[in-house]
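First listed ligand is number 1; within each ligand, the first listed atom is number 1. Only a predicted model underlies this, so the values are computations on that prediction, with no experimental measurement involved.
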Amino acid sequence: MAKITLDNLAHSYYPNPKGEDDFALKELNHDWTDGEAYALLGSSGCGKSTLLNIISGLLHPSQGRILFDGHDVTHATTANRNIAQVFQFPVVYDTMTVRDNLAFPLKNRGADPKYIAERVQQIGRMIGMEAELDNRARGLTADAKQKISLGRGMVREDVNALLFDEPLTVIDPHMKWELRTQLKSLHHEFGHTMIYVTHDQTEALTFADKVVVMYDGRVVQIGTPQELFERPEHTFVGYFIGSPGMNVIPAEVSGKMANVHGASLTLDRGYAALDGKVEIGVRPEFVSLTQGEGLPVNVRRVEDVGRHKIVRADLFGSEINIVASEDQVISPDMNRVTFDPKHVNVYVNDWIEEGEAA
Ligand code: ADP
Ligand code: MG
């Protein structure tokens, strides 16, 4: 297992990149702590696979270095980096049995046959295929083949890191949950450094200790699920994480006051003069629907989602979402909203502004 350092890393698929837009991965400096479980989260095309393939050695970066425990491996092959990687679609040897597929990485490294037999049995159990170990892989469903790929990725205990690139895409929804739980227990048991790529926030937030959020080739925030929820550093993190996402509202901010279309509200922190696109961000969980005080809204729709209600309203022509408790009565005269000042963030050109504690 190893700490992985990305030093000034960037990648363009063009031979002569002209500007930032030509980079699929914008410059990045980061340490992946040894033994942590990370999720790499972002929409399709934001650069997740590019970054993962650079870490595994499948792709050579156009700029920067990768270090494992301080040793430069930028030019080392995948095999020499001692990494296991599982891809979106199954990679199995059709003519081999399930057992031999699982045993392959261990045999390759000359492991003891007795150990191989035990370990393969154990992995077979984890992926729910113990009964099929002696079947040939040919003819199995895509779902079953992907479980074999996952199992083969997990079979070695001595790898520097385990990398997963949207590995559950072809797995049926019920088994997805099961396998994700298995991966998590595997992490607890062996403490491998794990990097798990996904575009699904639920998958990321339930799997990882730390979530790395990417947007348009850039890492916009690295944090615990709680940090991403409470303090999104970029408006994209606010939108992308949470359901519904953070409300982002154009505002003028001066000192401790924010002005939204002529209506003012008091902030928890003070801000110096701000230049650029200024917005306030507040999660639906920290907005209250009231009567009498606050910003004026028109309620459009109330959705009951079980544990709570989501109120969709209109605030000066833009949608605002409010989370209300299951038992709150939404009466027609509720036409104002208030925000919990502690949970109102200020953004300038999409990045959070610190402000000063008042
Ligand atoms: P993700 O895994 O987040 O969906 P990728 O890392 O695959 O994103 O892609 C990031 C960007 O790089 C996309 O714009 C994609 O079209 C581009 N890209 C990916 N692979 C190649 C390639 N082999 N050649 C050229 N462009 C590529
Ligand atoms: Mg990808």
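Under a cut-off of 6.0 angstrom, the local environment of CG in D275 is sparse, with at most 12 non-hydrogen atoms contributed by other residues, nucleotides or ligands. For CH2 of W177, the number of neighbouring non-hydrogen atoms (other residues, nucleotides, ligands) closer than 6.0 Å is 12 at most. Summarising the local packing, NE2 of H60 is surrounded by more than 12 heavy atoms from other residues, nucleotides or ligands at distances under 6.0 Å.
The nearest protein heavy atom to atom 6 (O) of ligand 1 is closer than 4.0 Å. Protein heavy atoms come within 4.0 Å of atom 10 (C) of ligand 1.
In the vicinity of S49, heavy-atom distances shorter than 4.0 Å reach the ligand 1 atoms 1 (P), 2 (O), 6 (O), 7 (O). Close contacts of ligand 1 with G45, meaning ligand atoms under 4.0 Å from a residue heavy atom, involve 1 (P), 3 (O), 4 (O), 8 (O), 10 (C), 11 (C), 13 (C), 14 (O). Residue A24 approaches ligand 1 through these ligand atoms, each under 4.0 Å from one of its heavy atoms: 11 (C), 12 (O). Counting atoms of ligand 1 from 1 in the listed order, those under 4.0 Å from a heavy atom of T50 are 5 (P), 6 (O), 9 (O), 10 (C).
Within the 4.5 Å cutoff, the side chain of D350 has no heavy atoms near those of the F236 side chain. In this structure the side chain of Q121 reaches within 4.5 angstrom of the side chain of E130, judged on heavy atoms.
Centroid-to-centroid, the aromatic rings of F104 and Y93 come within less than 6.0 Å. For H234 and Y215, the ring centers are positioned less than 6.0 Å apart.
The closest heavy-atom contact to atom 3 (O) of ligand 1, among the options M214, K48, H11, comes from K48.
Among F164, F207, Y196, W32, the one residue that satisfies the ring-ring contact (aromatic ring centres under 6.0 Å, His included) test with Y38 is W32.
Using a 4.0 Å cutoff on heavy atoms, S44 counts as a contact of ligand 1.
Of the protein's non-hydrogen atoms, G47 N, 3.2 Å is the one closest to atom 8 (O) of ligand 1. Summary of contacts: the protein heavy atom closest to atom 23 (N) of ligand 1 is Y13 CE2, 3.6 Å.
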Exercise for review: Run the numbers on D314 and R300 for salt bridge (Lys or Arg N to Asp or Glu O under 4.0 Å), then give the verdict.
Suggested key: CA-CA 7 Å; D314 179 284; R300 296 273 179 237; 3.6 Å; yes

Practice item. Let me see the working for R156 and N82 under side-chain hydrogen bond (donor to acceptor under 3.5 Å, both in side chains), right down to the final yes or no. Key: CA-CA 10 Å; R156 283 179 54 210; N82 201 13; 2.2 Å; yes

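For the Mg ion (ligand 2), the neighbouring protein N/O/S atoms at less than 2.8 Å, given as residue and atom, are S49 OG.
Scanning all heavy atoms of the two residues, the minimum distance from A251 to I280 falls at CB-CG2, 4.1 Å.
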